[in-house]
K.L.:
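Structure below; questions to follow.
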Amino acid sequence: METRLTYDQLWKTLFLEGIEEYVPDGVSISHPVVDRHGREIVDCFLLYSASSDGRRYTAPAARIVIQPETGRLIRYKTVEEEPFAVRAGKGYFSDDIPAGSNADIRAAELEYQDTYMKIRTIAFQNAVSADEKELLVRYLKALKKAERAALQPYLFELGEHFFRWLKEVL
């Protein structure tokens, strides 16, 4: 019987030997987005800085792509090595999360984790059912609620094959 990867297991892949050196202490990490590398499903993250109070953050400094089932680093590039086409600004962005909404933030985070792990299993299929389309829409809504607004365009670029496929099937 196949063991299904959990969100925590996927996240912990970033801290495996051979990958952890690319994720320095104190760096902030985005939510993952799916993409593909050849025929493999991979998970892509942005690395960026946040202020000590968490209310301000920078544009991404690097991207990291992993294959969690095998524990492999697929790609790591700084923005100097491979700039993003998105130019959302320099300096800090103000956090766009309303104060006092911790319960809403936690609910959005749990919804993202749940839908993310489900969409990984259907990503890039030739045909998707009506229920799967509904799941994909729920995933997009969860992404927009859970991830910082200024990072979202970078994530869409990072997972460009997935988001192109998503657009085609919806």
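Heavy-atom basis, side chains included; hydrogens, waters and symmetry copies ignored. The structure presented is a predicted model; accordingly, all values stated were derived computationally and were not measured.
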K.L.:
In terms of the angle between their ring planes, are Y7 and W11 parallel, tilted or perpendicular, with boundaries placed at 30° and 60°?
P.N.:
parallel
K.L.:
Quick check against the 3.5 Å criterion: does T58 have a side-chain atom that pairs as donor or acceptor with the backbone of Y92?
P.N.:
no
K.L.:
Can a salt bridge be assigned to the pair R164 and E160 using a cut-off of 4.0 Å between side-chain N and carboxylate O?
P.N.:
yes
K.L.:
Applying salt bridge (charged side-chain N to carboxylate O under 4.0 Å, His left out), which residue pairs with at least one partner in residues 56-68 are found, sequence neighbours left out?
P.N.:
R63-E82
K.L.:
Nearest 0.5 Å, please: how far is CZ in F45 from OG in S30?
P.N.:
7.0 Å
K.L.:
What about V169 and Y116, same hydrophobic cluster or not, with Ile/Leu/Val/Met/Phe/Trp/Tyr joined at side-chain heavy-atom distances under 4.5 Å?
P.N.:
yes
K.L.:
Linking I/L/V/M/F/W/Y whenever their side-chain heavy atoms sit closer than 4.5 Å, directly or via other members, would Y57 and Y154 fall into one cluster?
P.N.:
yes
K.L.:
Give a yes-or-no answer on whether the side chains of S51 and D53 include a donor-acceptor pair shorter than 3.5 Å.
P.N.:
yes
K.L.:
Work out which heavy atom in A149 is nearest to a heavy atom in P153; give both atom names and the distance.
P.N.:
O-CD, 3.4 Å
K.L.:
Show your working on side-chain contact (heavy atoms from CB on, under 4.5 Å) between V65 and Y76 and close with a plain yes or no.
P.N.:
CA-CA 6 Å; V65 179; Y76 172 86; over 6 Å; no
K.L.:
Apply the side chain to side chain contact (heavy atoms under 4.5 Å, CB included) test between C44 and each candidate in L155, D35, I74; give the one that qualifies.
P.N.:
D35
K.L.:
Can you tell me how far CD1 of I119 sits from CG of L166, rounded to the nearest 0.5 angstrom?
P.N.:
8.0 Å
K.L.:
Parallel, tilted or perpendicular, judged at 30° and 60°: which one describes the rings of Y139 and F163?
P.N.:
parallel
K.L.:
Are I29 and L5 joined in one hydrophobic group, where the rule is that I, L, V, M, F, W and Y side chains link up if heavy atoms are under 4.5 Å apart?
P.N.:
yes
K.L.:
Look up atom CE in M117 and atom OG1 in T121, then write down how far apart they are to the nearest 0.5 Å.
P.N.:
9.0 Å
K.L.:
For L136 and L140, what are the C-alpha separation, side-chain angles and deciding distance, and is it a side-chain contact (heavy atoms from CB on, under 4.5 Å)?
P.N.:
CA-CA 6 Å; L136 291 167; L140 278 175; over 6 Å; no
K.L.:
Between R75 and I66, does a side-chain contact (heavy atoms from CB on, under 4.5 Å) hold up when you go through it step by step?
P.N.:
CA-CA 7 Å; R75 193 167 119 224; I66 59 171; over 6 Å; no
K.L.:
Can W165 and V128 be said to form a side-chain contact (heavy atoms from CB on, under 4.5 Å), step by step?
P.N.:
CA-CA 11 Å; W165 168 84; V128 293; 3.8 Å; yes
K.L.:
Which pairs with one or both residues in residues 15-27 pass side-chain hydrogen bond (donor to acceptor under 3.5 Å, both in side chains), sequence neighbours excluded?
P.N.:
none
K.L.:
Are the side chain of E109 and the backbone of A146 linked by a donor-acceptor contact shorter than 3.5 Å?
P.N.:
no
K.L.:
Would L10 end up clustered with V27 when hydrophobic side chains under 4.5 Å apart are linked, directly or stepwise?
P.N.:
yes
K.L.:
Testing the 3.5 Å rule here: is there a donor-acceptor pair between the side chains of Q113 and H31?
P.N.:
no
K.L.:
Among pairs that include at least one residue of residues 113-138, which meet salt bridge (charged side-chain N to carboxylate O under 4.0 Å, His left out), considering only residues two or more places apart or in two chains?
P.N.:
D43-R120, E69-R120, E111-R138, D114-K118, D114-R138
K.L.:
Could you tell me if R36 sits above the aromatic ring of F162, with its cationic atom closer than 6.0 Å to the ring centre and no more than 45 degrees from the axis?
P.N.:
no
K.L.:
If you compare all heavy atoms of P60 against all heavy atoms of Y48, which two are closest, and at what distance to 0.1 Å?
P.N.:
CA-CB, 3.9 Å
K.L.:
How long is the straight-line distance from OG1 of T13 back to CG of D8, given to the nearest 0.5 Å?
P.N.:
10.5 Å
K.L.:
How many angstroms lie between atom CD1 of I19 and atom CD1 of I64, to the nearest 0.5 angstrom?
P.N.:
6.5 Å
K.L.:
Supply the atom-to-atom distance H161 NE2 to F124 CZ, rounded to the nearest 0.5 angstrom.
P.N.:
7.5 Å
K.L.:
Could you tell me whether the side chain of Q67 and the main chain of E40 form a donor-acceptor pair under 3.5 Å?
P.N.:
no
K.L.:
Taking a hydrophobic cluster as the set of Ile, Leu, Val, Met, Phe, Trp and Tyr residues connected by side-chain heavy atoms closer than 4.5 Å, whether directly or through intermediates, do V34 and L14 fall within one such cluster?
P.N.:
yes
